[in-house]
Amino acid sequence: MSLVAAARTCRAVHSTATPLAAAGAHVQTRGYATPAKPAKKTASKFKSNKKSKEDKKRAPRDAGLFRPMSVNNLTHPVFQSEQRMQLQLPLFRPEAITPTAATQALAFPQDESKALKAYGLPTNILVDYLLLSKPCSVVREATVTVLDQLDQAAGSSSKDTRVVFTGKPGCGKSYLLLQAVQYAIQKQWISLYIPRAINLVNSSTAYAYDPRTQTYGQPAFAQQLLKRFVDVNEALVRPLTVQESYPFDERSIGSGAPFLDLISVGLEYQHQAPTVLSALLDELAKQTQYPVLLAIDDFQALYCTSAYRDPFFKTIKAYHLTLPRMLLEFASGKRAFARGAVFGALSSQNTVYRPPLELIEALGLEPDRPSNPYVRREAELIEYAQGLKNFPVPERLTVDEAASIFDVWHQVKALHIPRGDEMFLAKYTEAGGNAREFVKKGLLQTIAM
Amino acid sequence: MHILGVTLPDNQLVKRALTNFYGIGTKTASRLCARVQIHDTARIRHLNQGQITALTAFLSSPANSPPVQVQPLAPPNFVPPPLAQPLPQVQQAQQPPPVDRLREIKIETDLRRQMRENIAHQRMIGSYVGRRHAMHLPVRGQNTQSNARTARKLNRIERYN
């Protein structure tokens, strides 16, 4: 047989092997003389083996894990509401904070005070509030004590009330400071809150030498801080007037001019912003109409060596930067508000900026490094740390406080664990009562995909 | 942005972008930023005109750049003079200012010329180093029985053009 004929018969054999007889397969038996009929054109039934193999090996493209189920399938109570429920919590108000209200979770009011949005938040608190639908916090016994202290400080100079919150990592120092700031704002205090003082010393913002103060100012940071100050305190500051005159190059502010005029110079001319901020704090120190709260988180960063360098590449201490120096002067009592307080909170998040020995000893904490008389201590830091009072934040949440936190996270429907005592006590015990470990490593770790 | 013919990408950190100059590495770039008071996280697009001018002026001729003024730092309990008062004259520091090593650096064409001259000098005095450059062989005593590829490719009298 010729090759062509052989090919044709082969094709015919293949086609008879398939069950698709209707495709027009036909067996061609050919006598010697009959002419070859042209093969009918049929669709090729050639199926490569590769395709079927691939199909067998590959798992379904989408297991259905990330496709939204139709609403009819969502019968479990967890899915009853499509959107997350709004947290229904009582508001954080001075009247609501009594010793009996301790261990309750209260939400910060968002409409009236712009403080949370204007001043910003420490990173760990911000991350929490991204997950919760409302900024809130639990009132603890420590909160009630701190707010009592704040009330007592309203009449006296800030030199008498310079408190630093200390404690183990995750015990709630930043939250306590935030509660103090919120309380002060609601009680008609003028507030200046710096949530991340590390940004003043880690060389993340522009700096420029000022020959008048012989320090390095940070104009962009100062301008932003002035803007935030105005956002929060405008209503209180509007009737106040300046007691001294400030003849800037661009505009002269005479004595008796409103505060907002002085601030507007800093907002308009960035290079004058550090000077304006310093002048503003001086004026706030003199006025007696409103008490002033200066609150600094990451307080220990003000006592460290900054990451900035001078033109000869020598390191610059934080107290040679204008803004940290200003804050240190108020913290040490060299400058003081006529009415008000200075609150600081240590933070252990950043290991580059750790509290130096001088600060640890001034606060009466246990040093974690050699502290014998032969260790060098800086006289300037000792001066800037004198008179600071240590407020140790309790390292353990009480069971009731932890229960309130547990409730809050459940209300937000963030957890996939049952709302029961066993689970709660298990997580509480694992964390040892530490607030951050309870939330981050206890509760949020249960959301495992 | 372009400075002296070198492109500095806008979104790059300044202390990294300055290493695009021939003769400036990470150390010199950091010192240069400190000299002009540029912070660590500044990017090229954040620079203002004064800083760009200062950088360009320095890089065009480091040896002829004006020496850096000593900036005295506030002693403890320093009270700054009021705004109205003119600034007091800066007293000469008791100690001499630290050595300014940045004025000794060479970059770009100057550096290449210096290296070319060094090699040419070695050749002119007939030294071993000069001969090895001329023969396109390793100069510093490396093996030649094997592994002299880079030297054969790159070692020339007119190497740094």
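All values below come from the heavy atoms of this structure, side chains included, with hydrogens, waters and symmetry mates left out. Lettering of chains follows the sequences in order, A, B, ..., and the numbering in each one begins at 1.
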For A/Tyr246, is it the side chain, the backbone, both or neither that has a heavy atom under 4.5 Å from a heavy atom of chain B?
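Interface part for A/Tyr246: both.
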Structural part of A/Ser245 lying under 4.5 Å from a heavy atom of chain B
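Nothing of A/Ser245, per the 4.5 Å heavy-atom cut-off to chain B.
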Only heavy atoms, only distances under 4.5 angstrom. Which residues in [range] are near chain B?
range	answer
residues 309-337 of chain A	A/Arg309, A/Asp310, A/Pro311, A/Phe312, A/Phe313, A/His320, A/Arg325, A/Lys334
residues 214-225 of chain A	A/Gln214, A/Thr215, A/Tyr216
residues 253-269 of chain A	none

Against chain A, work out which of B/Ala42, B/Ala34, B/Pro82 has the most heavy-atom pairs shorter than 4.5 Å and name it.
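Between B/Ala42, B/Ala34, B/Pro82, the count favours B/Ala34.
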Taking every heavy-atom pair that is under 4.5 Å apart, which of B/Leu102, B/Asn77, B/Asp100 has the most such pairs with chain A?
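It is B/Asn77.
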Can you give me the closest heavy-atom contact between B/Gln37 and A/Tyr209, atom names plus distance?
OE1-N, 3.2 Å
Mind listing the closest non-hydrogen atom pair of B/Pro76 and A/Glu383 along with its distance?
CB-OE2, 4.4 Å
Could you tell me the separation between the CG atom of A/Asn202 and the OG1 atom of B/Thr41, rounded to the nearest 0.5 Å?
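Between A/Asn202 CG and B/Thr41 OG1, I get 7.5 Å after rounding to 0.5 Å.
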Let me confirm one number: the OG-NZ distance from A/Ser203 to B/Lys15, rounded to the nearest 0.5 Å.
7.5 Å
For [X], is it the side chain, the backbone, both, or neither that has a heavy atom closer than 4.5 Å to a heavy atom of chain A?
X	value
B/Gln69	backbone
B/Pro75	both
B/Ala84	both
B/Leu87	side chain
B/Ile38	backbone

Quick one: does A/Thr213's side chain have a donor or acceptor within less than 3.5 Å of a partner on B/Pro80's backbone?
no
Residue by residue, which of residues 129-149 of chain B have a heavy atom closer than 4.5 Å to a heavy atom belonging to chain A?
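Not one residue of residues 129-149 of chain B has a heavy atom under 4.5 Å from chain A.
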